[in-house]
Amino acid sequence: MKIWTEGPLNRVEPDGDIPEKPDDARRLDMARNSYESYQIVLRGETDFVIYGIRFPDFAVSKGTVFGYNFQETIAFEKERFQDPLSNEASCQVEAGKNQSVWITVYADKELEPGDYTGSVIVETDCGEFRTGLEIRVHSAVLPKNSDAAFVTEYWMNTVNFWFRYPDANQLDFLHYYYGCEKYSDAWWDINRDIAKNMKENRVNVLFVRTQDLLLDGGSWLDDEGVYHFCWELFDRWTSFFEEYGDVKLFAGYHLVVQTEGRNVYLLDRIDGKMQIGIAPIGSGKAENWMKQYLTALYAHLGERGYRDRWLQHVEDEPAEAQSWGYGRRMVKKYMPEIKCMDAIDKQEPTADMQDQIDLWIPRVDIYE
């Protein structure tokens, strides 16, 4: 059995070479209230099973918390690589293949600064294998995510996921993979784990699919064209991630259909059923929606105390500035002082978006 450690930025392929000078020990430098990770890699001449990882020399009472996950392989048509982290407690490893075990350490904000050393033991059906770990904890303390100056948004779609065009028949991923009904206790349990994962990775901007939450919450459109918005589910969702994810800011879902820039998203009665639909920019239906939706959203954000924490997406990766500018004008009109931001992946619209967009999220080569 070969066993060695790797840093968190090295991608370990199943068929990769064993390092010329493998190191079976690792040192981590940590601030307090922070997470750091590294990898333990195993490779055997025959098939074997990893039963678990033990940290016998590190007591939780000292303010350090340990966890581990096995890296899994994703196979596509033209390539395969290790990327996702498994929730399984054990792992079957094929002979001659590298298996990375992702080790994560948390240092509590009250942990005494200093050096902590000990062993990390990998339990397998071939025996136990001991690796070394030194943790140097510095006096610096990272702030809570909700107090941090640096903010990170990572799109997370457990409420619904349709890309660009609304699709009422879109696959429900949490039901497909975990067998739980949307908004059931089991569904909220999974979202709690996701929120905790966001907190660990310091993702402190919550991507909010506002229209979907209003739809699922029972909002409806009457025969006079008046919307009746129901905010209870929206409130539960945002409060839930505040509590378990320690989020700082909220980012509302886009107003204009991505890139094509000809339609807006809206709630509509389609075939007698309330659904997410689209309507052409400038149409009576679109104008009625934008006025009522943005006015109601702005008022509710005020009631919740969220106005200074709300960022509004307008149109993802706009191909031209006109449609994005339309959405921005609607926000200025009905949601004064709310800041707008979006991902930009083309040079063409940027000249006409100057002095309109508040937060640029450019692709690096476009920015340069």
Side-chain angles (χ1 to χ4, degrees), residues 1-19 22 26 35-53 66-105 122 124-125 152-165 167 169-180 182 186-187 189-203 207 209 245 258 316-317 343 345 361 363-365:
M1 180 73 68
K2 299 293 185 181
I3 183 168
W4 69 96
T5 64
E6 295 279 1
L9 300 182
N10 293 340
R11 191 172 77 178
V12 178
E13 298 288 359
D15 297 314
D17 295 332
I18 298 174
R26 182 64 43 172
Y35 294 84
E36 292 291 341
S37 298
Y38 72 101
Q39 301 173 80
I40 298 175
V41 187
L42 295 91
R43 180 169 176 167
E45 296 181 355
T46 60
D47 294 354
F48 67 97
V49 178
I50 304 174
Y51 291 127
I53 311 294
F66 294 81
Y68 72 91
N69 301 88
F70 300 107
Q71 285 203 312
E72 294 181 322
T73 298
I74 292 182
F76 294 99
E77 183 178 349
K78 295 182 179 180
E79 63 178 342
R80 52 185 289 155
F81 57 90
Q82 285 189 309
D83 183 66
L85 299 179
S86 168
N87 293 321
E88 299 298 328
S90 61
C91 178
Q92 176 76 46
V93 185
E94 184 180 344
K97 300 292 185 180
N98 298 326
Q99 178 60 56
S100 168
V101 185
W102 194 264
I103 307 295
T104 300
V105 183
V122 183
T124 78
D125 60 352
T152 304
E153 179 187 4
Y154 187 86
W155 289 3
M156 180 272 299
N157 301 283
T158 60
V159 172
N160 272 328
F161 180 75
W162 40 264
F163 179 69
R164 186 171 295 183
Y165 299 109
D167 181 1
N169 299 313
Q170 169 67 47
L171 179 67
D172 183 334
F173 289 107
L174 292 193
H175 183 269
Y176 180 81
Y177 286 108
Y178 299 104
C180 59
K182 189 187 291 186
W187 187 90
D189 287 343
I190 293 172
N191 277 274
R192 184 178 294 105
D193 288 340
I194 292 171
K196 291 177 179 177
N197 189 271
M198 290 173 58
K199 183 177 180 179
E200 291 177 8
N201 289 279
R202 304 191 71 79
V203 177
F207 184 52
R209 296 190 71 108
Q258 179 195 23
D316 185 36
E317 299 178 349
D345 74 335
I361 310 173
R363 208 173 70 191
V364 174
D365 58 331

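Heavy-atom basis, side chains included; hydrogens, waters and symmetry copies ignored. The structure displayed is predicted, hence computed values, not measured ones.
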> Hey, is the main chain of Glu94 close enough, under 3.5 Å, to the side chain of Gln99 for a donor-acceptor pair?
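Here the side-chain-to-backbone pair does not exist.
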> Rounded to the nearest 0.5 Å, how far does OH of Tyr177 lie from CD1 of Ile190?
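OH of Tyr177 is found 13.0 Å from CD1 of Ile190.
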> Do Ile103 and Ile53 come close enough that some side-chain heavy atom pair is under 4.5 Å?
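When only atoms from C-beta onward are counted, Ile53 and Ile103 do touch, with a gap below 4.5 Å.
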> Which atom names give the shortest non-hydrogen contact between Cys180 and Ala186, and what distance separates them?
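Closest heavy-atom pair between Cys180 and Ala186: CB-CB, 3.8 Å.
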> Looking at every non-hydrogen atom in both residues, tell me the closest pair between Glu6 and Pro19 and how far apart they are.
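Closest heavy-atom pair between Glu6 and Pro19: OE2-CG, 3.8 Å.
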> Can you name the side chain to side chain donor-acceptor pair (under 3.5 Å) partners of Thr124, sequence neighbours left out?
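Expected list: none.
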> What distance separates Gln92 CD from Ile50 CD1, expressed to the nearest 0.5 Å?
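Here the rounded value is 9.5 Å.
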> Answer yes or no: are there more than 12 heavy-atom neighbours, outside Phe173 itself, under 6.0 Å from its atom CZ?
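It does: Phe173 CZ has more than 12 such atoms within range.
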> Mark yes when over 12 heavy atoms from residues, nucleotides or ligands other than Asp17 sit less than 6.0 Å from its CG; otherwise mark no.
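At most 12 heavy atoms, drawn from other residues, nucleotides or ligands, come within 6.0 Å of this atom.
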> To check you understand the geometry: which heavy-atom pair defines the closest contact between Asp47 and Ala95, and what is its length?
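Taking Asp47 first and Ala95 second, the nearest heavy atoms are OD1-N, 2.7 Å.
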> Using the rule given for side-chain contact (heavy atoms from CB on, under 4.5 Å), can you reason through Leu42 versus Val122, listing the C-alpha separation, both sets of side-chain angles and the distance that settles it, and then say yes or no?
CA-CA 9 Å; Leu42 295 91; Val122 183; 3.7 Å; yes
> Compare all side-chain heavy atoms of Gln258 with those of Glu317 and state whether any distance is below 4.5 angstrom.
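Of all side-chain heavy-atom pairs linking Glu317 with Gln258, at least one is under 4.5 Å.
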> How many angstroms lie between CG in Leu171 and CG in Asn160, if you round to the nearest 0.5 Å?
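Between Leu171 CG and Asn160 CG, I get 11.0 Å after rounding to 0.5 Å.
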> Keeping the roles fixed (side chain from Asp125, backbone from Phe48), state whether a donor-acceptor pair exists under 3.5 Å.
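Checked: no pair found.
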> Please tell me if the side chains of Phe161 and Arg209 come closer than 4.5 Å, counting only heavy atoms from C-beta onward.
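Of all side-chain heavy-atom pairs linking Arg209 with Phe161, at least one is under 4.5 Å.
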> If you round to the nearest 0.5 Å, how far is CZ of Arg43 from CE of Met1?
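Going from the CE atom of Met1 to the CZ atom of Arg43 covers 11.5 Å.
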> Would you mind reporting whether Gln71 and Val101 have side-chain heavy atoms less than 4.5 Å apart?
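When only atoms from C-beta onward are counted, Gln71 and Val101 do not touch, as no gap falls below 4.5 Å.
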> What is the distance from atom CD of Gln170 to atom CG of Asp172, rounded to the nearest 0.5 Å?
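Result: 9.0 Å between the selected atoms.
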> Do the non-hydrogen side-chain atoms of Trp4 and Asn98 ever get within less than 4.5 Å of each other?
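A side-chain contact under 4.5 Å exists here.
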> For the pair Arg26 (side chain) and Ile40 (backbone), establish whether a donor and an acceptor sit closer than 3.5 Å, ignoring hydrogens and angles.
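Side chain of Arg26 to backbone of Ile40: no pair is present.
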> Taking the side chain as every heavy atom from C-beta outward, state whether Leu174 and Lys182 have any atom pair closer than 4.5 Å.
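SC-SC contact between Leu174 and Lys182 ruled out.
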> Within this structure, what is the OG-CZ distance for the pair Ser100 and Arg11, rounded to the nearest 0.5 Å?
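Those atoms lie 12.0 Å apart.
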> Report yes if some heavy atom in the side chain of Asp316 is under 4.5 Å from a heavy atom in the side chain of Trp155; otherwise report no.
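The answer is yes, as the side chains (C-beta and beyond) meet within the 4.5 Å cut-off.
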> Main chain of Ser86, side chain of Asn69: is a donor-acceptor contact present, judged purely on distance under 3.5 Å?
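At least one qualifying donor-acceptor pair exists.
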> Would a 4.5 Å heavy-atom cut-off, applied to side chains only, mark Met156 and Thr158 as touching?
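Heavy-atom side-chain distance check passes, below 4.5 Å.
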> Which atoms form the tightest heavy-atom contact between Tyr68 and Ala89, and what is the distance?
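Heavy atoms of Tyr68 and Ala89 come nearest at OH-O, 2.8 Å.
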> Tell me whether Gln39 contacts the main-chain N or O of Gly7 through its side chain, where contact means a donor paired with an acceptor under 3.5 Å.
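Pair found, side chain donor or acceptor close to backbone of Gly7.
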> Should we say atom OH of Tyr154 is surrounded by more than 12 heavy atoms from elsewhere, each under 6.0 Å from it?
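No, not enclosed.
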